[in-house]
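Single-structure report; data block below.
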Amino acid sequence: MADDLGVHTTNVQRDYVFGWVLAALYTETSLKESLHLKGGNCLRKAYLPQSRFSPDLDLGAETAVSPAAVKDALDRVCDSVGARAGVAFWKDRTRFEEKRRIQSDLSVYEARLYFRDFYGEDSKLDIAIRLDVTEYERLALGSVQRPLIHAYSDQALCQATLRCVRMEELLASKLKCLLQRRHVADLYDLVHWILFSTEPLDRAEILRVFLRKTIYRPAPGVARELLQALPFDGLRTLWDRFIVCARSVAVEFESGVKSFLGLLDELFGRTSARTSLSFFPAHLRTPILEAGSKTALLQITYDGVERLVEPYSLRFKRRADGGGGEYFYVYDRTGGSSGPGIKTLVAEKVSAIKVTEEKFDPRHPIELSKAGDPVLDPTFRGNRVRGGSGSIQRTRLPSVFQRPRVPRVSASFKRPLHRFKCSVCGKTFARKEHKATLNRHKGKHGFPCLGTLGVYLGYR
């Protein structure tokens, strides 16, 4: 099979095992009711059998994830696949653990399953397959049932009905991820669908879901310009290196980009980028995202002053008057008029920007991979079940970039107080004690302020 497709045998072995794992997961465990398949292997195993080989299975859950329940289900999957297909798993090496936090109370979990390669030689390394499970993932269009695609000689034995993300939402997510992660795999998946899919889809629905998942609903033309200005030169070098697909569906990079740009014209039509809202354009956004992925300092000329900053977040905020736009949160090392600290920058005042070679240790979570997401509500609007006890309650999702308003000082409090001024927003605070640390508060425009230290104004 590897010779026929023009790929390495490891890709075929892993893809074969993916098929059997999905078959067991969706026929022999209770997780079939709660997990939906998404990502690259959703394309390959549910929609387009000749799409690229993906190294992992991406799954989502609309509720909480129980690590113990998933680990138990995966053990049963390994037993089933071993008995039915002869795949030798090393169950004692199976892992299921938290991979990263989406928010303080939401997680992505990663499972690793190891199996002996099909040659059965002791000198060969065991092959691992990875499953990522995201909890509390809501689908805009709901899930759909699709038959498992297992393009191997035992396909009559390896059958299941998969719970999948709808294709329109899957493609909308690929567009969104291109703006955020700039992964070449997302570009290839869109190109492969354009060139090889024969299943009719509602293209208007793709655009609606994309705009719903991003901050660009009031300004679709801005999103179109950002997608058209992706760093294609950098993606070109990764195309042949990281895309693994059958030689029959291999696509030249230039041809793929041409097809992708044609799709943008079809989806967005004649939408204009002109808007009353402010967004960071591509020539600023690209180095910002690059610096965030490399944890590298940015050299910025802002409001006529050269600054060295640590990049943390791009957030979209609406003002009470209906205006607003994106704000770039950085830690300014060089200071300016107010000294070093967290600063909020706007695109209009950036006249030059450059990614430096100097690395930094983050003081806060770097959230630039979520640039373009709608502002997250600090209160999770879903029911969260805790610890299997059955108790359901609302959960607060605190974030360094989203802070509730500090309570006002009572007017009846008459004694003199130490007064501090926030170094970011300028708001003043009264304290009984001489402590410069500030509570969570909002700035003068009503947005959460990142200031954590105050400048001492005196005692009165």
Go through the steps to decide whether E326 and K317 satisfy the test salt bridge (charged side-chain N to carboxylate O under 4.0 Å, His left out), and finish with yes or no. CA-CA 6 Å; E326 279 186 304; K317 305 289 185 180; over 6 Å; no
Heavy atoms only: give me the nearest [X]-[Y] pair and the separation to one decimal.
X: L48; Y: W193; result: CD1-CA, 4.0 Å
X: A282; Y: L226; result: N-CD2, 3.5 Å
X: H283; Y: I353; result: O-CG2, 4.1 Å
X: T27; Y: A160; result: CG2-CB, 3.7 Å

Give a yes or no answer on whether the side chain of [X] reaches the backbone of [Y] with a donor-acceptor pair at less than 3.5 Å.
X: D132; Y: L57; value: no
X: S259; Y: S255; value: yes
X: K99; Y: A111; value: no
X: Q180; Y: A371; value: yes
X: H150; Y: G19; value: no
X: Y26; Y: L148; value: no

Verify side-chain contact (heavy atoms from CB on, under 4.5 Å) between L25 and L59, making sure each step is shown before the conclusion. CA-CA 11 Å; L25 190 66; L59 299 158; 4.2 Å; yes
Output yes when [X] and [Y] qualify as a salt bridge under the 4.0 Å nitrogen-oxygen rule, no when they do not.
X: R138; Y: E169; value: no
X: E290; Y: K294; value: yes
X: E110; Y: R112; value: yes
X: E168; Y: R203; value: no
X: K176; Y: D186; value: no
X: D373; Y: K213; value: no
X: E306; Y: K354; value: no

Pairwise distance [atom1]([X]) to [atom2]([Y]) - rounded to 0.5 angstrom:
X: R44; Y: C245; atom1: CZ; atom2: SG; result: 9.5 Å
X: L298; Y: L308; atom1: CG; atom2: CG; result: 8.5 Å
X: F260; Y: L195; atom1: CZ; atom2: CG; result: 13.0 Å
X: E225; Y: L230; atom1: CD; atom2: CG; result: 12.5 Å
X: I366; Y: H364; atom1: CD1; atom2: NE2; result: 11.0 Å
X: D58; Y: L37; atom1: CG; atom2: CG; result: 8.0 Å

Hey, are the side chains of [X] and [Y] touching, using non-hydrogen atoms and a 4.5 Å cut-off?
X: V65; Y: V70; value: yes
X: P147; Y: Q159; value: no
X: L170; Y: C42; value: yes
X: L5; Y: F53; value: yes
X: S107; Y: E98; value: yes
X: F328; Y: Y312; value: no
X: T214; Y: L175; value: no
X: N41; Y: F18; value: yes

Looking at Y331, does the NZ or CZ of R363 lie under 6.0 angstrom from its six-membered ring centre and within 45 degrees of the ring axis? yes
Residues E62, R163; criterion salt bridge (charged side-chain N to carboxylate O under 4.0 Å, His left out); working and verdict: CA-CA 12 Å; E62 296 177 66; R163 185 170 178 255; 2.8 Å; yes
Do the side-chain N and O atoms of S278 and E348 include a donor-acceptor pair separated by under 3.5 angstrom? yes
Under 3.5 Å, is there a donor on one side chain and an acceptor on the other for T334 and R307? no
Can you check side-chain contact (heavy atoms from CB on, under 4.5 Å) on L171 and F210, steps first, answer last? CA-CA 8 Å; L171 297 172; F210 167 75; over 6 Å; no
The single option from R52, Q50, M167 passing side-chain contact (heavy atoms from CB on, under 4.5 Å) against L43: M167
Tell me, yes or no, whether the heavy-atom count around R208 atom CZ, taken from other residues, nucleotides or ligands under 6.0 Å, exceeds 12. yes
Considering residues, nucleotides and ligands other than Q145, do more than 12 of their heavy atoms fall under 6.0 Å from its CD? yes
Is the distance between the ring centroids of F279 and Y216 under 6.0 Å? yes
For residues F242 and H183, establish whether the separation of their ring centroids is below 6.0 Å. no
Checking side chain to side chain donor-acceptor pair (under 3.5 Å) for the pair T356/Q299: CA distance, chi angles, key distance, verdict? CA-CA 7 Å; T356 72; Q299 183 177 318; over 6 Å; no
Given side-chain contact (heavy atoms from CB on, under 4.5 Å), test E254 with V257 step by step and report yes or no. CA-CA 5 Å; E254 284 71 19; V257 171; 5.8 Å; no
Go through it in stages, so that I can follow the logic: the residues are K174 and D189, the test is salt bridge (charged side-chain N to carboxylate O under 4.0 Å, His left out), and I'd like the CA-CA distance, side-chain angles, deciding distance and then a yes or no. CA-CA 8 Å; K174 291 292 179 181; D189 288 343; 2.7 Å; yes
Show your reasoning for whether side-chain contact (heavy atoms from CB on, under 4.5 Å) applies to L314 and I288. CA-CA 9 Å; L314 275 172; I288 288 173; 4.2 Å; yes
Parallel, tilted or perpendicular: which fits the ring planes of F96 and Y109, with parallel below 30° and perpendicular above 60°? parallel
R146 vs E199, salt bridge (charged side-chain N to carboxylate O under 4.0 Å, His left out): CA-CA, chis, key distance, verdict: CA-CA 13 Å; R146 300 282 299 190; E199 189 171 333; 3.2 Å; yes
